[in-house]
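The next block holds one structure in the form of structure tokens; read it before the comments.
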Amino acid sequence: MDPLAPAPRDRGGPGGPLLIACDLKKHFPVRSSGGKSVQAVDGISFSVREGETLGIVGESGCGKSTLARLLLHLIVPDAGELVFDGTTVRDDITVGALRRQVQIVFQDSYSSLNPRMPIRDTVAFGPFVQGKPKGEARRIARDTLARVGLDPDLFGPRYPHELSGGQKQRVNIARALATGPRMVILDEPVSALDKSIEAQVLNLLRALKRQLNLTYVFISHDLNVVRYLSDRVLVMYLGRVVELGRVEAIYTRPAHPYTRALLASQPSMNPVRRIEEPPITGDPPNPIAPPAGCRFHTRCPFAEPVCMTVDPPLPPWLGPQSHIAACHLSDRLPRRISHE
Amino acid sequence: MAEINELIVSEPPPLADRAGVGAKQTPPPTRVRGYWRSVGFRLRHDPATLAFAAIVLLIVLAALLAPALAPFDPYKESIIGRLKPFGWRGHLLGTDELGRDMLSRLLYGGRVSLLMGVLPVLIATLIGGLLGVVAGFLGGRTNTAIMRMMDVFYAFPSVLLAVAIAGAMGGGMANGMLALSLVFIPPMCRVAETATTQVRALDFIEAARASGAGTLTIIRYHVLGNVLGPVLIYASSLVSVSVLLASGLSFLGLGVRPPVPDWGLMLSTLRQSIYVVPYVCALPGAAIFVTSICFNLVSDGLRSAMDVRM
């Protein structure tokens with residue numbers, strides 16, 4: 001069993017999920033709007049099992065990156081709690097202890113490396129601030145650089161501007177791994193890379209996961225990439241979870257109209273399947289004042305009157321084979337999508 | 001879509017075969033050069049800046065070695081030898097209105113003028129830079145408090161402010177330097193604050209926080225190195241302003257007191273004799289002009305050498 005939110009003191013631990021996010025909320029106040037706030041993350045709950053890769057997808061601005069930062073307490077959540085390996089963050093373990101076990105790789109490989117610091121120092125910085133002596137930290141940096149496929153003698157003394165995008169992202173992965181985390185949050189790690197480099201980095205991530213027994217939370221807007229790497233997929237819309245399930249289930253039998261629209265909006269390599277009209281139109285609604293009822297009803301092709309008034313709840317997660325969606329109509333929609 | 005998926009989704013081949021993991025990437029054979037080394041490299045290949053830097057160095061050396069170089073005592077007056085032209089009885093650059101040797105006074109005056117040019121900038125760089133980094137990094141109310149305080153000083157033109165502060169505290173070299181330092185702190189603070197704010201928003205600061213580093217560690221290892229460049233450039237450009245302002249204060253009688261030789265003061269006292277020995281009277285002005293313009297040009301060269309897009 002993989003309970004989503006059981007009783008507060010009875011979760012995690014050996015055999016349980018590695019990370020449980022419980023009703024995480026982060027609203028950013030907007031000064032000019034008179035006390036209103038952007039609901040970047042609005043009550044998100046999920047769990048990540050040890051050793052799995054949880055993919056998180058959604059449009060830009062749906063709160064994916066905020067969620068990534070909440071998981072590391074880089075942004076302090078307004079409400080909700082984070083349970084890592086059975087211990088509640090801030091109550092039982094400190095944020096510092098959490099950061100020894102969880103690391104993050106950012107999207108922008110350029111701005112996530114200090115331009116004035118040689119690569120080896122950047123990688124050694126994590127172990128160093130976590131109390132390793134300098135020589136030990138350097139040795140770890142060398143090992144980690146070699147692990148991500150960069151020769152420490154060649155690349156160690158270099159500066160970020162002397163590296164290509166793919167090499168920089170490898171350095172970022174090395175930086176995250178240098179502290180020996182159990183879990184890595186990958187915030188769009190390949191979005192800024194060329195397709196050929198992207199494949200290399202994805203393979204590297206897969207190999208590292210196997211070698212180091214890592215657990216990934218993989219955030220991306222690229223559905224192909226998420227499908228390639230993930231075991232389970234969580235679909236976000238406007239700060240909420242709309243669908244969660246195993247990767248095959250999500251991609252072959254999407255239950256939420258938003259997931260269907262996302263899948264249908266991927267450009268096809270097959271000219272027969274190319275579509276003229278976008279399956280989903282317009283921008284996401286203003287996250288300062290999200291629509292009443294289902295947040296997706298303004299763009300949903302199937303919306304019924306009930307969708308405009310009643311906010312559909314996300315059903316509880318019942319087990320590894322569960323497939324849940326926050327939609328009133330999910331039972332009535334045709335399950336298989338045609339172009340698969 | 002299915003096609004793309006097949007391309008990517010198919011089980012990856014053994015990893016060592018791919019360029020991904022096992023294979024070492026061979027980078028192009030470029031020279032590995034750090035930021036400061038590449039700045040040095042650019043400077044060495046900029047003859048104009050090098051020439052101006054040499055002049056600055058010469059002026060500094062001449063001032064430092066004034067006791068050895070000066071042919072006469074800069075305080076020794078002579079009733080008969082007043083306002084004599086170049087070369088009069090061994091006085092290479094003539095004499096001033098009290099018969100003192102101009103060359104010796106210019107050399108000794110350089111000491112005072114350069115000190116008043118450099119020291120206030122140093123003080124302002126330390127204090128203003130620190131305030132700016134703190135304001136920029138902490139942001140929020142701290143930033144507002146510090147920067148609004150600096151804005152108060154911006155309400156006055158810098159010359160007026162320096163004159164007002166020096167006037168209020170009374171003249172003298174120490175008060176003059178204090179006044180100049182106070183005048184330079186706000187702009188220096190603003191430069192450091194802007195640079196820090198830019199750096200703070202970058203992901204590597206967040207990555208450092210994720211590694212478990214505290215604020216002071218992050219500032220020390222990740223912020224200072226990135227703020228140092230703009231701050232140094234600005235400081236070097238302030239030196240010429242400071243030399244000018246210091247001379248201005250002395251000219252107005254608010255800086256150095258006679259008979260101590262100082263370029264600004266010498267210009268002030270000699271200006272009444274401009275019709276008697278025009279060339280001699282112009283010398284302190286020329287010294288100020290050359291020094292300040294050379295500092296300025298070196299600062300420009302430094303700026304372009306440091307402006308490496310990375």
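Protein chains get the first letters and strands the later ones, always in sequence-line order, with residue 1 at the start of each.
- Within a 6.0 Å sphere centred on CZ of F28(A), other residues, nucleotides and ligands contribute more than 12 heavy atoms.
- Between K195(A) and E198(A) there is a salt bridge, with a side-chain nitrogen of the basic residue lying less than 4.0 Å from a carboxylate oxygen of the acidic one.
- If you measure heavy-atom distances from R175(A) to chain B, the contacts under 4.5 Å come from the side chain alone.
- Using a 4.5 Å cut-off between heavy atoms, L74(A) touches chain B through backbone and side chain atoms alike.
- Counting heavy atoms from C-beta on, the side chains of T179(A) and R100(A) never come closer than 4.5 Å.
- Most heavy-atom pairs under 4.5 Å with chain B: of the set V102(A), L72(A), V95(A), L113(A), this distinction falls to L113(A).
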### Query
What do the steps show when you test D151(B) against R148(B) for side-chain contact (heavy atoms from CB on, under 4.5 Å), and what is the final call?
CA-CA 5 Å; D151(B) 284 350; R148(B) 291 301 83 77; 2.9 Å; yes
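- For A201(B), no part lies under 4.5 angstrom from a heavy atom of chain A.
- Contact count against chain A (heavy-atom pairs under 4.5 Å) is highest for A213(B) among A213(B), G212(B), G229(B).
- Taking the six-membered ring where the residue is Trp, F125(A) and H222(B) present perpendicular rings, their angle passing 60° and hence far from 30°.
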